[in-house]
Structure formats: C-alpha cells, structure tokens
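All chains are named by letter (A, B, ...) in the order of the sequence lines, taking the proteins before the strands, and each is independently numbered beginning at 1.
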Amino acid sequence: MGNTKASVRRSKSRIRSLPQINVPELRAPFIVDFEITHRCPYKCFFCEADVPNIKPASELSTDEILCILKKLSKEEVPNVFLTGGEPLLRSDLPDLIRYSSNSGLEPCISTTILPLDESKLLRLVDAGLDSMQVSIHGPKGIHEAVVGSNGSYETVMNNLKMVVEAGVRVEIACVGLRENIEHIPTLIRELASVGVSFFRVLRYVPGHRKEMLEHIPPRRLVEKCIPEINLAAKEHGIELALGFCPGTEGSKTHLVKGIHPVAFACPAGKTSFAIMPNGDVYPCIFFKNRPEMLCGNILRDSVSEVWNNPRMVVFRRLTPGDYNGICGSCERKWLCYSARCVAYNLTNDLYGDDISCYIAREKLGLEV
Amino acid sequence: MVQKSTSLFIERVDEKAWLFDLEGKPELICINGPYINQRIVKEMYGDLPKDQIVLHATPTTHHDAHWDHPPRRARTSPTDGKKVLNSKGEVKDDCTFMMQDDLKMREERNGLLISQNNTAYFVNNEGAFLLKLIGNRVQVGDIETLCEKHGISNTAGMEFFRRLVTFGLYRPI
C-alpha cells in the first residue's frame, strides 16, 4: 500500500494539533453492503461481481448468514443492504429479510428483478421488505446489450409494475455509461408509465481494470444530456439523483451547513464495509480482488475486530489532505467523491489519481 | 425566539469544513446522506435558475454502486424547517416540536450516532446531553431555559436545535 503508513502518521499528527477531529470515528459501521451471492442472470461488463483474479466465492448457508446478521444487530448496525449478484436467486432471501427486519437492521435489496414472480414478491413483502433498488440501464435494446441478456427488458418492466403496485418503494439505479447516457430520458419516460417515482444515475466506477475506462461517458455528452434527463424527470414527476465523474462542467454543489463533506466522500471504512458471499470483509466492494485489503471474515471474527482491522482504519482516517498528484492539488478535492478504488486498482496508489475523473484525465492528456 | 439563519450554505468548502468540534459546544453533523443535501436545497428554494444552483448535476451527491438504500419510506420533509430558517415571520416561543419516531440512536465513544433510514448524523457529547434535555417534545422557548439552566451557550443551543429541525429530526406540531 505504498506510503500508507506515512500518510496515516501525517493525518494523526494533524489531528492531534487541533481541538477538532476530521471525521467522527464510529464504533461500528452505519451501513453494511452484504453480497449474499455472486450468481446473477446478467453479465454486465462493469459489474464488480465479475472481476479479474478472483476465485468464485463459496456461499454461506442460511444459518451462517443469520449468525452474521445477529452479530450486526448486536452492534446496532442500522442498515444492511443485501446485494450480489442477484439476491433473489437465494431461496432463503425472505428468511434473511424477515430476520433483518425483526432485529432492527432495516434491510434493502439491490436486484435485477428478473427472477421475481408474484409468489416471491408476496413472500418478500410479508417478510418485511418495503424498498428495493432495481438495476435498469436503458430502454430495451440498450439495457439488454449492457446486461448481456436478450429478452430481459420486457420481463423486468412487467415485474417492476407488479412491485410498484404492491406498494414497495423502488429506486431505479442506472449506471451512466458512454453506451446509454443519451437514452436515459427515454428510459425515464418508460419507467414513468409503470409508476416509478425515483430514478438515479450511478456514477460509473471503472474500478477493476483499465479497459473499463473506455466506457466513461464523454464529458461533453454528459453535459448535453443532463438538461434532457432533468426535463424528462420533471415532466413525469420523477425524483432524480445524478452522479457522474467529478469535473463535469457547471456542476456545483452547495453544501448545506451541518452536512460534513465526508457525506459526499467514499464511505469505505468510514461508515460502511462490504461482506462477500463467503463472509470475507473488505472496506468496499471494489477491493474484493485485492487480498491485501482483506479485513477479516465476519463469520469467524467479531464486527469490532473487522471494523478495527488496521486496513479498515487506514480508510477511516483517509481524507483529501492525504491525496497525492492531481487529486492532491485539486481545489475541488474537499467536496468530491474521489474514487480511491480507481486510484488503487488502476494506478496502484491508494492516495494517487482517480483517473476516471475528467479533471485528472484532462491533465493526463486522456480522453474526456 | 428563533432568529432567521444568515445563510444555509457553507461559504467555502476547504480543509476547515472537514473539522468537527468534539467538545465545547453542542454539535450535530450529517456524516452520511446521499439525498439530504439535495432535498434540503430543493425544499428550501424550489426550482432556481440553473446558473444559481444546479440541483441535479452534482457528481458528488451520491455514493457509488450499491452503497445507498432507496428512501425506506416517505422521507421526513425539511419543509417545516422553513418556519425556523427562512420564514418571513418568526417562530413563536410556544411553538412545539416533536422528535421523529423513526430515529435510531447508538452510543458512540465521543457522542451519539443518529440514523434515519439511510442518513446518519453524529452528535458530540454536549449535543447528546442537550438532546436528552430536549427530549421527545419541546417548546422553542424551553430551549433557552434549558441552556441557561445547564450552562450551555444559548446561541450554540439554538443553532443545535436549528439543525435538528433543518434535517427533519424534529418537526413542529
């Protein structure tokens, strides 16, 4: 991890010299991202479940997952996000939802919604599921090309209608890519017809390999499309949240007093960690193929042991003041979701440049 | 009586914005909230010309990948905060506020974590103490009395309360 220790020493020194601290250090995570399976009907090229140099993880049994949920509940972790892969492919999902709901973990799932049927939905709602994030990446042709699943769109839209009618709150998550950005307004209009009320463009994070950088939407195209996306959402009364790579021109965040900039920063190790299907824990899902970032196994270790693993603590204390290079000298760094996974996985420097950022790319002479 | 806030926004976000008072006065700060900033701005100002505030073109207003839950239920609207923060009139001393019933609190080494769905707030020990005094139901006029009685700066106490209302953790009844 290069100069990790030196940076931590610098941070500690700075913290000690002030009557304040940079970020309140929690005693346990606020949100846990739990990948309960890596099985999935989609084959998205950007999916973090499909990363190089990673062995297929064995899946925990129902009892083992319940044991982990019990540990999280005991530590008063408020939120657990059951994801994958496709969590619906686990037949015990209703049991996991029910246990989470009853133990105060506020469960939510991230799903393709493809393997859902009415019976499954009823079981999930009965178990306490009242919200879900559904991945849809464009209108029919675009979505099916991105996820590598011909004929899936119609099923997804039918299932979506069923979910909305059942009263489950849905957020559509669409990864903003070169391939789909211009088609997002069309998608929004189609989603409005089935009653969706919340749409979100996720910033594309090319977190694992350099070839993934090719799918970053060009900055000018993003800037052209943002007003069109806004208009489509406004026309249909859909609430919108947009995320694109830092450096989009004209984007300016007005930070409300009382909101710490860390709320806009990478939460890895600060307020969250990620559990893999076999119980291994990393600061974030984008480090799962980096053994040196493993912080323990939640089945074997306690929440406290994992949360206070020195590797996790490095992330907890990492601030923009630790960045090097272009990110280090960027005037926007104090209010920026600078993806440290991109810096680490693509440049081998946790404190280095986020080369998916338009500002960094421009300075490096890369395509923006 | 609650006075109108001079500004809703941090003027300049730099290294100082990352500092947080652990002690000295009651503090409450949001440390995780993918939507709260956008929602407050929208609730407070509605649609502004795009050259003033670009509500949606904010690459930093979300966390990536699967980090966030969709709002679990109809979120607390900070609209009521207008009465405190942006009203043309005033908030009367006998205006009563109640704590939202969906808050979770977790004791921390240096204070308290308050979570409301997917939004998290950190409160330092002084803030946790004042919060306990305020309780589930309070009249605006009582806050000044509580602060005086317990040696808390009235200004700091009211600012703390203002934040509770801005973020929708308390709302008027």
Exercise. Do any pairs count as a ring-ring contact (aromatic ring centres under 6.0 Å, His included) and have a residue in residues 124-154 of chain B, sequence neighbours left out, and if so which ones?
Worked result: Phe129(B)-His150(B)
For this session: With the side chain counted from C-beta on, respond yes when Lys104(B) and Glu76(A) share a heavy-atom pair under 4.5 Å apart, and no when they do not.
Result: no
Exercise. How far does CZ of Arg12(B) sit from CG of Leu335(A), to the nearest 0.5 angstrom?
Worked result: 12.0 Å
For this session: Considering non-hydrogen atoms only, spot the tightest contact between Arg106(B) and Leu26(A) and give its length.
Result: NH2-CB, 3.8 Å
Exercise. Does Trp18(B) use its side chain to pair, donor to acceptor, with the backbone of Trp334(A) at less than 3.5 Å?
Worked result: yes
Seminar exercise, completed: The interface call for Glu27(B) against chain A, heavy-atom contacts under 4.5 Å, is neither
For this session: Please report the shortest heavy-atom distance between Asn79(A) and Asn118(B), naming the atom on each side.
Result: ND2-CA, 4.4 Å
For this session: Nearest 0.5 Å please: distance from the CG atom of Leu19(B) over to the NE2 atom of His260(A).
Result: 7.5 Å
For this session: Mind checking side-chain contact (heavy atoms from CB on, under 4.5 Å) for Ile10(B) and listing every partner two or more places apart, or none if nothing turns up?
Result: Leu255(A), Lys257(A), Val13(B)
Exercise. Crowded around Lys224(A) NZ? As in, over 12 foreign heavy atoms under 6.0 Å?
Worked result: yes
Seminar exercise, completed: Between Asn117(B) and Glu106(A), the two heavy atoms sitting closest are OD1-OE1, 4.3 Å
Exercise. Checking Glu239(A) against chain B: side chain, backbone, both or neither under 4.5 Å from a heavy atom?
Worked result: side chain
Seminar exercise, completed: Rounding to 0.5 Å, atoms CD1 (Ile31(B)) and CZ (Phe264(A)) come to a distance of 13.5 Å
Problem set entry | Atom group of Ala233(A) that falls short of 4.5 Å from chain B, counting heavy atoms | neither
Exercise. If you look at every heavy atom in Pro78(A) and Ser115(B), which pair is closest and at what distance?
Worked result: CB-OG, 3.4 Å
Problem set entry | Phe30(A) CZ to Ile114(B) CD1 distance, which is reported to the nearest 0.5 Å | 11.5 Å
For this session: Measure Arg109(B) against the heavy atoms of chain A and call it side chain, backbone, both or neither at under 4.5 Å.
Result: side chain
For this session: Give the minimum heavy-atom separation between Arg27(A) and Glu107(B), together with the two atoms involved.
Result: NE-O, 2.7 Å
